[in-house]
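Here's the structure we're looking at; comments come further down.
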2 protein chains.
Amino acid sequence: MRDTIDCGATQFSIRELCDAFEVTPRTLRFYESQELLSPRREGARRVYSLRDRARLRLILRGKRFGFSLAEIRELLDLYDMGDGQLLQLEKTLTSAYEKRDQLEAKRRDLNAAIEDFDQQIRVIERMLAEKKSDFSTAV
Amino acid sequence: MRDTIDCGATQFSIRELCDAFEVTPRTLRFYESQELLSPRREGARRVYSLRDRARLRLILRGKRFGFSLAEIRELLDLYDMGDGQLLQLEKTLTSAYEKRDQLEAKRRDLNAAIEDFDQQIRVIERMLAEKKSDFSTAV
DNA sequence: ATCAATCTTGACGTTTACGTCAATGTAACT
DNA sequence: AGTTACATTGACGTAAACGTCAAGATTGAT
């Protein structure tokens, strides 16, 4: 929300976007070569729109979840294709449901991981407590 | 739980483990070279224990979340080091809390992503509904 | 006008996480 | 004893996702 709306300008140079998201120009150009971004040009220079900025957010978020750039592109495509014909829309929706299932699965997986890890933490906490009482009784 | 406990045997050949987790022998050998696994040997052959099996589960789960093998090793180390001295235990616990925070952050991130995506899905659903009513009124 | 800073496009290098042989060893049938 | 089947260790190859230079083009400041 902050990133999408509250970012002052409505156009960004490559450097501004890089600074904002802590990536390098090379990264943005690479994403463009992979057709994840498509900034317009002013002369030769790239000019990124709010939409580009929003897409970049999604890209980086996807990466944090371990999605490949190819998978991320599929996701981005789903965000775009709000136009198209009826049949196209239905296809989009079907893919969207599938993607959503993927995300859900990841969430369940993550929740399980956190539970396991918490349990492990409690084991260590207990050991620490025991060691401390050992120490106090030894004194 | 199923994988950890209910897997019949208590020792596994490389092939059994590969089949169980759908990875290749090369992968297991690579993990071993990175010191993520350390099966004992019978002659030259690798023999994996239940502990190895559990670690492999954690490795693959970590990968699904986009952790690098290096990061995963840190996590595994935390699971191991239940021994060690008092000071060591406290350090372990501190690292464990940090890792837990990382996982929490990832969970928040994922929840946000799912919410965003659901919203996008609803947009498409609405468009589809409109298009359909357009069609029916057009007839 | 010029000089430094910043952008551009190649092109090649690098890291991670394995894949893919090749050569060899060994266990288990037959 | 011979063959089939799978295991082991190198060693080299590869795809993804950039990093890193090189060589020009532009643009703003002096």
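Residue numbering restarts at 1 for every chain, and letters A, B, ... go by the order of the sequence lines.
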Checklist entry - B:Tyr31 and B:Val23: side chain to side chain contact (heavy atoms under 4.5 Å, CB included), yes or no, with the steps? => result CA-CA 11 Å; B:Tyr31 292 164; B:Val23 295; 5.7 Å; no

Spacing of [X] atom [atom1] relative to [N] atom [atom2], expressed in whole Å:
X       : N      : atom1 : atom2 : result
B:Leu28 : D:dC6  : CG    : P     : 17 Å
B:Phe30 : D:dA15 : CZ    : C1'   : 14 Å
B:Ile59 : C:dA17 : CD1   : P     : 11 Å
B:Arg73 : C:dA17 : CZ    : C1'   : 14 Å
B:Ile14 : C:dT26 : CD1   : P     : 17 Å
B:Leu37 : C:dA17 : CG    : P     : 14 Å
A:Glu16 : C:dT6  : CD    : P     : 13 Å
B:Arg45 : D:dA5  : CZ    : P     : 15 Å

Next on the checklist: What contact category does B:Arg29 fall into here, base, sugar-phosphate, or nothing, at under 4.0 angstrom with non-hydrogen atoms?
Outcome noted: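 Answer is base: heavy atoms of B:Arg29 come under 4.0 Å of a base.
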
Please determine whether a side-chain nitrogen or oxygen atom of [X] lies at a distance below 4.0 Å from atom OP1 or OP2 of [N].
X       : N      : value
A:Arg26 : D:dT20 : no
B:Arg41 : C:dT26 : no
B:Thr27 : C:dA17 : no
B:Lys63 : C:dT16 : no
B:Thr24 : C:dG19 : yes

Next on the checklist: Show, in sequence, the C-alpha distance, side-chain angles and deciding distance for B:Arg107 and A:Arg107, and conclude whether the side chain to side chain contact (heavy atoms under 4.5 Å, CB included) test is met.
Outcome noted: CA-CA 7 Å; B:Arg107 174 152 68 183; A:Arg107 173 153 69 183; 5.9 Å; no

Checklist entry - Where is the tightest heavy-atom contact between A:Ile72 and A:Lys63, given as atom of each residue plus distance? => result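 That would be CD1-N, 3.6 Å.
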
Checklist entry - What's the shortest heavy-atom distance between A:Glu71 and A:Lys99, and which atoms? => result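 Minimum heavy-atom contact is O-NZ, 3.6 Å.
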
Checklist entry - Does the side chain to side chain contact (heavy atoms under 4.5 Å, CB included) test come out yes or no for A:Arg55 and A:Tyr48, once each step is laid out? => result CA-CA 10 Å; A:Arg55 287 172 72 91; A:Tyr48 296 86; over 6 Å; no

Checklist entry - In terms of the nearest nucleotide of DNA chain D, which residue is placed more toward the 5' end: B:Ala44 or A:Phe67? => result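 The 5'-side residue here is B:Ala44.
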
Next on the checklist: Assuming nearest nucleotide by heavy-atom distance, tell me which of B:Arg46 and A:Tyr31 is located more 5' along DNA chain D.
Outcome noted: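 So the residue in question is B:Arg46.
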
